[in-house]
Every structure is written in structure tokens, then in C-alpha cells.
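Heads up: the structure comes next, in C-alpha cells.
Computation of the quantities below employed the complete heavy-atom set of this structure, encompassing side-chain atoms and omitting hydrogens, waters and symmetry-equivalent molecules. Proteins get letters first, then strands, A, B, ... in listed order; numbering begins at 1 in each.
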Amino acid sequence: MPGKFYITTPLYYVNASPHIGHSYTTIAADTLARYMRNKAGEDNVWFLTGTDEHGQKIEKAAEAAQLTPKDFADEVVLKFIGLWKKLNISYNDFIRTTEDRHIQVVSRALEILYKKGDIYEDKYEGWYCTPCETFWIDAQVIDQACPDCKRKVERISETNYFFRLAKYQDWLRGYINSHPDFVNPESRKEEVLRFLELNKLNDLCISRPKERLKWGIPLPFAPAHVTYVWFDALLNYISAVGYFDENNKYRSKWWPAQLHLMAKDILRQHAVYWPIMLYALGIDLPEKIFAHGWWMLKEEKISKSRGNVINPLDIVNKYGLDAYRYFLLRDVPFGLDGNFSEEAVIKRYNSDLANDLGNLVYRTLTMVEKYFDGNVPHVEGEEINYDPRGEDIIKRIEGRDSIFQKEVRKGLEEYNFSYSLGEIWSLINMANKYVEETKPWNLAKENKGDELKAFIIVLVKVIRQVAGELKPFMPDTSSAIINQLGSQKIEKGAPLFPRLLPQC
RNA sequence: CGCGGGGUGGAGCAGCCUGGUAGCUCGCAAGGCUCAUAACCUUGAGGUCCUGAGUUCAAAUCUCAGCCCCGCAACCA
């Protein structure tokens, strides 16, 4: 299926409610999916998200809430689905790791790898940190405390199953070297490569004995054990869109994915574990993976105890959905970390959305109303004499593949959302300048009807172009603008983004 | 021996890989305009590009040394 676009977010772990980070990855994926639908056609895009629901943390959280793990997950899943609805997320499929279709594929994958000898049994002895679900070897543990969380670790000795990561280390290095576009951005690729060069991979422990953890997918060849959550979760990308046939060949219309999006903290799993799992299973690798940055919250050190964690819903309710989408994608280059604060959101809102874009649309509507009785003028024939003052702007938006569109799309192709939005805003600024230079109010006074008409035609055209390119980023705003400047008669409503007063 | 990110006009950042007049947004000041949401447009002030040394005709940009800041807590994007 050439030209298709299969894009994924990670499966979000349901041990807590969704927060700004989840919404960031998902909004970015949504924007790309919308863009690609427009470019490649609705039927050629598949956008997957979902939830990861097994593992010890869920088991414990459920216990604390006095629910079964499944009931607990069901509740949290509703929060995710509710948020995606609120954020206008256009996913095609939502997969849960507790679904049959997923469990089937995981079981088959385990079986295949076991038969192949890539999963083996071994005795494990060491320390275990329950809250972190992490094993530690003697050298890593000081005073029986977890190196990560400093809590007390337990001595354990048990039989477990291991996946042969180490065997494939050199292959993976070679693969990443010969596919420089695989891990993005480039700095992350270097990070992964260096990691692979400096460290020797350990085989990955992929099981937990049932007496310690019940909530998981049982190993088909060792029913007393369940699968480790990461091994389980990663497979969603293929379990959602395909199956293994009788010959253990994986079949799917959508696979391989064109892009896995994630935050930088789970790069390792996606750039190391996942490709090796796929390779061992004889399945094609995804085309690209992209790890973006984190949002830092001011006063984060005390954020939890003070309860001032950012809830995406609050921000959306306060400032509007598209303002939130805009802020996340504009304020920081995708890939880098950023600082999140309401002041920053308000700043962006007022200067970019209210003053630049909203005001441009509003003043244009008013002019159409005032000078043309609300009828949007049309070009009849070819002989409109554009005002030379509009030359720059016309050059930019001329033709089907205008410079403007090319630049905006270039940003999207490179996952550089802030670049695209910057291009859109530079056209908006040009348009505001164009109004100033043309001085339509003088044209009106001097009864220069033709010039006025030529001017407004250009202006409306610019705004339509802006609305068009804005569509994947801010779908509601885009259609609102199109509606207001509808084909014949304008529908001037309230300003799109009423200016927010200071304070708050 | 920690790991990673970073230090650029008042604030937030880009530029650094591929050396060559230091750029953007916000804020500030002055002016202009009235179609517009006290919005828009123009101009201006303001910088030892952390420090030192080195390479070079030339360094924010490359090399070395040093100083300082942030994250590595939660939850995880």
C-alpha cells in the first residue's frame, strides 16, 4: 500500500489520569494525521492510540481503589477517551492491551520467539524494587535501597524468562547506521548509537512469576508466568492492525508504521527493544520513530504536594481548545523541552491569536460589510489590477503550490510544527501590513471602487489560505474562518479570539 | 569518574553541525493610522553571544580547560 500513512502514539499507562504530556504527543500525532489525510486521502491514513493496562502498578492502584484491575482500567480509560474527544483527536483506532485481539498477538509472538530460541529460561537472583518494578544487580544497590527511588529493595531469587537482546545488538547498530532517518531527531539517534556502542546490552527479562504479579498476559509456554509490561505494550503497534497466519507470518494492511511518536523518556524502548523484537519475529521495522521533548512546569519541585499539576482539561476550558493546541505546537520546537505556564499561554493567545489572526479576520469582515454590503467580491475575468503594494503578498500565495504552502508543508514533513506555524504567522503579519499600506479607508473616501475591490479580493484570498493551512493544527478555527468568509455573504460573528484581560 | 540539557540585549528563544555585518517573539519608548478585539503599521533604545586560552585572515559558531544553572522526586509524554 504505497503512499499510506500509519501513525501511532505510545499506549498510555492507565495508572493515573492523563496530563499535559499525554495530550502533547496525541495532539502532535493528530495534527500529522489530519495533514496526511488531506495530502494522501482519508483512506490512506491510520492513526492509532490506546492504553497499556497490565502490570504491577495497575494491580496496586486497583487494589488501593478497591477495584479489580480491569474495572480500574475501565474507569481510567474513560478519562483518556473523554480527553481525546475534548481535544478533537481524530484517531482511527483505540487499542487496549486487555483486548483479545492484542492478547492473541502477544501470545503468538511469545510462542514464536520461544520456539526460535530467542526466549529462554534462567534463574534470576538479585534485588527488586516493587514500586519501580525494576531489578537491580548487587553492584547497583547500596544499603538495600533502590538506586532510582531510594526505597527499600527486596532480595529475590526466581526463575524467569529472558529475551535475547544481546544477540541482536550488532545488527541494531548496523541498522541504525545504515538508516540514518530511523531515529529522530538526529540528536536522539546519536544518543542511541552511543548507548549501543558504549554498553553491552543485557538480555531482557520479560516475565514475572504469577505469585508476584497476576495482572498480565500469561506466557503460553509457562503459564505460571505473565509477560513484562513493555514486551506486552510495544506489540500493540502490530496487534492493532494485523495478525499472524498459520505459518507465523505477520500480515497487515497497514504495517509497517510510517511513524511512532513518543516522548524522549521512552526512546530506549522504541529504538532498542522494539526493533529487535520485530527483527527477531521476522517483521519489517517501522519507518521512523520520533522522540519529542518534555514540558517543564514552573515550581515543579513542589507541584505534586501543592496539587498544582496542570490538567489539560482546565486549560482547554479556560482558553479554548485551539488556543491550547496552538500553544503546544507553536511555543517550542518539536523535539526540545519547553516551559509550560499559564502566563505563557495567555501571552501567545493575546499576541498571536487575538491581535494578529483574530483581529485580521475581524477587520476584514468589517470592511466587507462596510464597503461591499457584506458580499465577498469575486474576480470576474482576469483584468483585476492588483495594487502594487500587494506584490510581495501575492507572490507568496500565488498558484496551487505557492511558496507559502510549500513552506508550511515543509515544516509538517519534518515534524517541525513551530516552523509551519511561524510561516503561517508571517503571512498573517504581511496581510496586516498590506492593509496598512493600502489604506482602504482612503480608497473608499476617494471612491476608488476598483482598487478597493482588488484589495479586498487579495485580503480574503490570503485569509482563506491561512485558514486552509491552519486546518490540521486548529481544525475548529479553520472552519470558523471559512464559515465567516463564506462564499457569497459573510457571517460576521463575535471575534474568534476575544482578547484576554491581564491578571487572571 | 555519575547521566543528560543548557548559559546569546529586561523576559523567553533561534542561530552553532556546514566559521565571515548577531536574529526572532514578548516587553519598553516615540510616531502614524482608524477598517479592527486599547487591536494594526513604522521607527528606536538595549547585547563583554558565561570565563580563559587555542586554531584561523576571521569564532556565538571549531578545540581544550574552567565556572555557573537546570532535570534525573512524582508520574510518565
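In the model, A:Tyr324 has a side-chain atom that pairs as donor or acceptor with a side-chain atom of A:Ser23 under 3.5 Å. No donor-acceptor contact under 3.5 angstrom links the side chains of A:Asp232 and A:Thr97, judged on distance only. Between the side chains of A:Tyr12 and A:Thr26, a donor-acceptor pair is found at a separation under 3.5 Å. For the residue pair A:Asp476 / A:Ser478, no side-chain donor-acceptor distance below 3.5 Å is found, with atom types taken as modelled.
B:A29: Watson-Crick or G-U partner is B:U43, with both key distances under 3.5 Å. The nucleotide B:A53 finds its pairing partner in B:U63, both defining distances of the Watson-Crick or G-U wobble pair being shorter than 3.5 Å. Pair assignment for B:U37: none, as no Watson-Crick or G-U wobble contacts are both less than 3.5 Å. Base pairing analysis places B:G71 opposite B:C3; the two distances defining the Watson-Crick or G-U wobble pair are each below 3.5 Å.
A distance of about 40 Å separates the P atoms of B:A53 and B:C28, rounded to the whole Å. Taking atom P in both B:G9 and B:G5, one finds a spacing of 22 Å when rounded to whole Å. Only the P atoms considered, B:A65 is 36 Å distant from B:C24, to the nearest whole Å. For the C1' atom pair drawn from B:C17 and B:G2, the interatomic distance equals 27 Å after rounding to whole Å. Nucleotides B:G6 and B:C50, compared at atom P, are 13 Å apart to the nearest Å. Nucleotides B:C70 and B:C62 are separated by 25 Å at their P atoms, to the nearest Å. As rounded to the nearest Å, B:A60 and B:G71 have P atoms that lie 30 Å from one another. Taking atom P in both B:U48 and B:G23, the straight-line distance is 15 Å, to the nearest Å.
Taking atom CG of A:Asn311 as the reference point, atom P of B:C75 lies 18 Å away to the nearest angstrom. Atom pair A:Lys189:NZ and B:C17:P shows a separation of 17 Å (rounding to whole Å applied). The distance between atom CG of A:Asp265 and atom C1' of B:A74, rounded to the nearest whole Å, is 13 Å. As a whole-Å value, the separation of A:Asp356 CG from B:C24 C1' is 13 Å.
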Inset, instruction - Give the C-alpha distance, both sets of side-chain angles, the deciding distance and a yes or no for ring pair (Phe, Tyr, Trp, His ring centres under 6.0 Å) between A:Trp274 and A:Tyr237. - result: CA-CA 10 Å; A:Trp274 181 227; A:Tyr237 299 131; 5.7 Å; yes
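For A:Lys492, the NZ atom is densely surrounded, since the number of other residues' heavy atoms within 6.0 Å is greater than 12. Atom CD of A:Glu491 has 12 or fewer heavy atoms from other residues, nucleotides or ligands within 6.0 Å.
Within residues 412-429 of chain A, no residue places a heavy atom under 4.0 Å from RNA chain B.
Nearer the 5' end of RNA chain B, as judged by each residue's closest nucleotide, is the contact made by A:Glu437, out of A:Ser23 and A:Glu437.
Among residues two or more places apart in sequence or in another chain, the side chain to side chain donor-acceptor pair (under 3.5 Å) test is passed with A:Asp337 by A:Lys264. Residues that satisfy the side chain to side chain donor-acceptor pair (under 3.5 Å) test with A:Lys70, not counting sequence neighbours, are A:Asp74. Residues passing the side-chain contact (heavy atoms from CB on, under 4.5 Å) test with A:Lys433, sequence neighbours excluded: A:Glu437.
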Inset, instruction - Using a 4.0 Å cut-off on protein heavy atoms (strictly under), produce a 5'-to-3' string for nucleotides 33-38 of chain B with B for base contact, S for backbone-only sugar-phosphate contact, and - for none. - result: SSBBB-
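A salt bridge does not link A:Glu423 with A:Lys410: every distance from a Lys NZ or Arg NE/NH1/NH2 to an Asp or Glu carboxylate oxygen is 4.0 Å or more.
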Between protein and nucleic acid, restricted to nucleotides 7-15 of chain B and to nitrogen or oxygen atoms under 3.5 Å apart, what atom pairs and distances do you find?
unit_1: B:C13; atom_1: OP1; unit_2: A:Asn339; atom_2: ND2; d: 3.3

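Using bins of under 30°, 30° to 60° and over 60° for the plane-to-plane angle, the ring pair A:Tyr326/A:Trp425 lands in the tilted bin.
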